[in-house]
Protein chains: 2
Amino acid sequence: MATATTNSTRDQLFHTASQMFCEKGFHATSIRDIAERVGIQGGSIYSHFESKDDLLWSIVQHAADRFFSAIRPVAGADMGITQKLRKAVITHAEVITSDLDAAAVYTVEWRHLSPERRAEVTKLRDEYESIWRTMVDQGIREGYLAASDAAGASRFILSSLNYLFTWFRPDGPLTAEEVGTLIADYTFDGLRRRTV
Amino acid sequence: MATATTNSTRDQLFHTASQMFCEKGFHATSIRDIAERVGIQGGSIYSHFESKDDLLWSIVQHAADRFFSAIRPVAGADMGITQKLRKAVITHAEVITSDLDAAAVYTVEWRHLSPERRAEVTKLRDEYESIWRTMVDQGIREGYLAASDAAGASRFILSSLNYLFTWFRPDGPLTAEEVGTLIADYTFDGLRRRTV
DNA sequence: ATACCATCCTAACGAGCGCTCGTTTGGAGA
DNA sequence: TCTCCAAACGAGCGCTCGTTAGGATGGTAT
């Protein structure tokens, strides 16, 4: 109660749009589709969002926020780079798995935003990647990582993580932390058997 | 010359559509957009393709074909699993990098096909992944790979490969083979320094 | 009781969509 | 020269899109 109006129509619209943009894509989902699923008329959406672009934008912004506020404490933590990198991978996996729809929209549908906002997202992604580059750089300098190219290595780490939303299911056999740990193992130790 | 009618209008439409579907997405690209870029009227497209869905379908089919006919000889080759897996990674990377637009459409836009064709693509992807699973399985049985879950390991391999189209540029510093070799190194040896 | 405001409705707008159709065009074969 | 046909034109069909306008409704604060 009190100030927060959770499960308000706006929240329902936000959540439903996230779901449908993930499921069918932004342009294949109409304003009326979303409204119908929430139980109101198409035009009524405009009491809550200024435009369809605004609706997508608020979803993308919220998703970006979640990634940043999850990774920043890890990147800034006072811990060994070995554990920090593992922790970062698990954290990223947890953000994705805790809201697959949002992750999918953030990864795939963001490019249908208005040109200005698309540029803004590009900037955010660069910023996020540079946080990873800094960590990887430290790993290289301290001799923990063998890679020489921090940017390439960061991309490699993020690629398997960002693939997660295509196959991970919350009702599957793995928890978010298990899946994060598995990816961390694969990423840092490789698939090949160590002892030869 | 002779029989082949390359650079025919149909080929131009195919190529241009592939480009624009990659660039803006299927639903954000109109029939008239494509036609204009080729230099004909919107209606004229229907002299070459039955529908917009048909156009997308032919692009997706062609892309799938390229993956299959590239990987099958490798999977069936008489060579050690160590080299076979490396060769397979490089091959997949070459297919992607040799036509980034097609790879992007095949990876991202296929889901906007008609339901029947979407199901067909799902089947193809499963089939393709099972080729990889068979190779990975062999790698596990022969003790080359440490992983215990062939499906998960296959997904891990393909995830960094399928991320390629988002950042690889043919005019960049790396060739297709170099990038394939790099990904193979990362994937099988891991980012961590081996000797501790 | 009254005023207010957010929310939702119905109805409609203009634009653009995929696609069709009757027609024109221009080159190849007889 | 005449015939044929694929390819392209250009108008326009039916429809859906995102968005807007004006009015009803119902709860809250005065």
Side-chain angles (χ1 to χ4, degrees), chain A residues 1-21 23-60 105 109-118, chain B residues 1-21 23-60 105 109-118:
Chain A
M1 345 188 152
T3 50
T5 36
T6 317
N7 259 51
S8 64
T9 304
R10 198 196 135 96
D11 289 344
Q12 278 181 263
L13 286 169
F14 181 94
H15 177 251
T16 305
S18 183
Q19 244 180 246
M20 300 189 78
F21 290 164
E23 192 182 307
K24 314 202 297 167
F26 178 72
H27 279 116
T29 306
S30 76
I31 283 288
R32 283 178 253 260
D33 284 342
I34 301 166
E36 192 187 8
R37 198 113 122 193
V38 169
I40 61 175
Q41 292 295 115
S44 305
I45 286 191
Y46 292 84
S47 296
H48 303 278
F49 296 93
E50 275 193 12
S51 64
K52 197 187 179 190
D53 190 72
D54 248 51
L55 183 45
L56 176 58
W57 176 235
S58 70
I59 293 169
V60 166
V105 171
E109 304 299 327
W110 66 276
R111 69 205 184 100
H112 297 118
L113 284 165
S114 70
E116 301 79 28
R117 285 168 168 175
R118 213 183 313 141
Chain B
M1 350 188 149
T3 50
T5 36
T6 318
N7 260 50
S8 65
T9 305
R10 198 195 135 96
D11 289 344
Q12 278 182 262
L13 286 169
F14 181 94
H15 177 251
T16 305
S18 182
Q19 244 180 244
M20 299 188 78
F21 289 164
E23 193 182 306
K24 314 201 300 167
F26 178 72
H27 285 299
T29 306
S30 76
I31 283 289
R32 283 179 254 259
D33 283 343
I34 302 165
E36 193 187 7
R37 197 113 123 195
V38 169
I40 61 175
Q41 291 295 114
S44 306
I45 286 191
Y46 294 86
S47 296
H48 303 278
F49 296 93
E50 276 194 10
S51 63
K52 198 187 177 189
D53 189 72
D54 248 51
L55 183 46
L56 176 58
W57 177 234
S58 69
I59 294 169
V60 166
V105 172
E109 304 298 327
W110 66 277
R111 68 205 185 100
H112 297 118
L113 284 165
S114 70
E116 302 80 28
R117 286 168 168 174
R118 213 183 313 141

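Each chain gets a letter, A, B and so on, in the order its sequence line appears, and its residues count up from 1.
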Exercise. Can you tell which of C:dG18, D:dT19, C:dC9 lies closest to the side chain of B:Ile31?
Worked result: C:dG18
For this session: Measure the distance from CZ on B:Arg10 to P on D:dA6 and round it to the nearest whole Å.
Result: 15 Å
Exercise. To the nearest Å, how far apart are B:Asp33 CG and C:dA15 C1'?
Worked result: 14 Å
For this session: Calculate the interatomic distance between B:Glu36 atom CD and D:dA8 atom P; express it in whole Å.
Result: 16 Å
For this session: Let me know the distance between CZ of B:Phe21 and C1' of C:dG18, rounded to the nearest Å.
Result: 12 Å
Exercise. For B:Gln41 and D:dA8, is the shortest distance between a side-chain N/O and OP1 or OP2 below 4.0 Å?
Worked result: no
I'd like a list of close polar pairs between nucleotides 5-7 of chain C and the protein, N/O only, cut-off under 3.5 Å.
none

For this session: Compare all side-chain heavy atoms of B:Phe26 with those of B:Lys52 and state whether any distance is below 4.5 angstrom.
Result: yes
Exercise. If you look at every strand shown and take non-hydrogen atoms under 4.0 Å, does A:Gly43 touch a base, only sugar-phosphate, or nothing?
Worked result: base
For this session: Considering only NZ, NE, NH1 and NH2 on the basic side and carboxylate oxygens on the acidic side, decide whether B:Arg111 and A:Glu109 come within less than 4.0 Å.
Result: yes
Exercise. In terms of ring plane angle, is the pair B:His27 and B:His112 parallel, tilted or perpendicular, where the classes change at 30° and 60°?
Worked result: perpendicular
For this session: Calculate, to the nearest 0.5 Å, the distance between atoms CZ and CD1 belonging to A:Arg10 and A:Ile45 respectively.
Result: 11.5 Å
Problem set entry | Heavy-atom side-chain contact between A:Gln19 and A:Arg37 under 4.5 Å | yes
Exercise. In whole Å, what is the span from the CG atom of A:Asp54 to the P atom of D:dG18?
Worked result: 14 Å
Seminar exercise, completed: Residues A:Thr29 and A:Met20: closest non-hydrogen pair is OG1-O, 3.2 Å
Exercise. A:Ile45 CD1 to D:dG18 P: how many Å, rounded?
Worked result: 9 Å
Exercise. In whole Å, what is the span from the NZ atom of A:Lys52 to the P atom of D:dT19?
Worked result: 8 Å
Exercise. Quick one: does B:Arg32 reach the base of D:dG10 with a side-chain donor-acceptor pair under 3.5 Å?
Worked result: no
For this session: For the pair B:Asp54 and B:Arg117, find out whether any cationic side-chain nitrogen is under 4.0 Å from an anionic carboxylate oxygen.
Result: yes
Problem set entry | Spacing between A:Tyr46 atom OH and C:dA11 atom C1', to the nearest angstrom | 15 Å
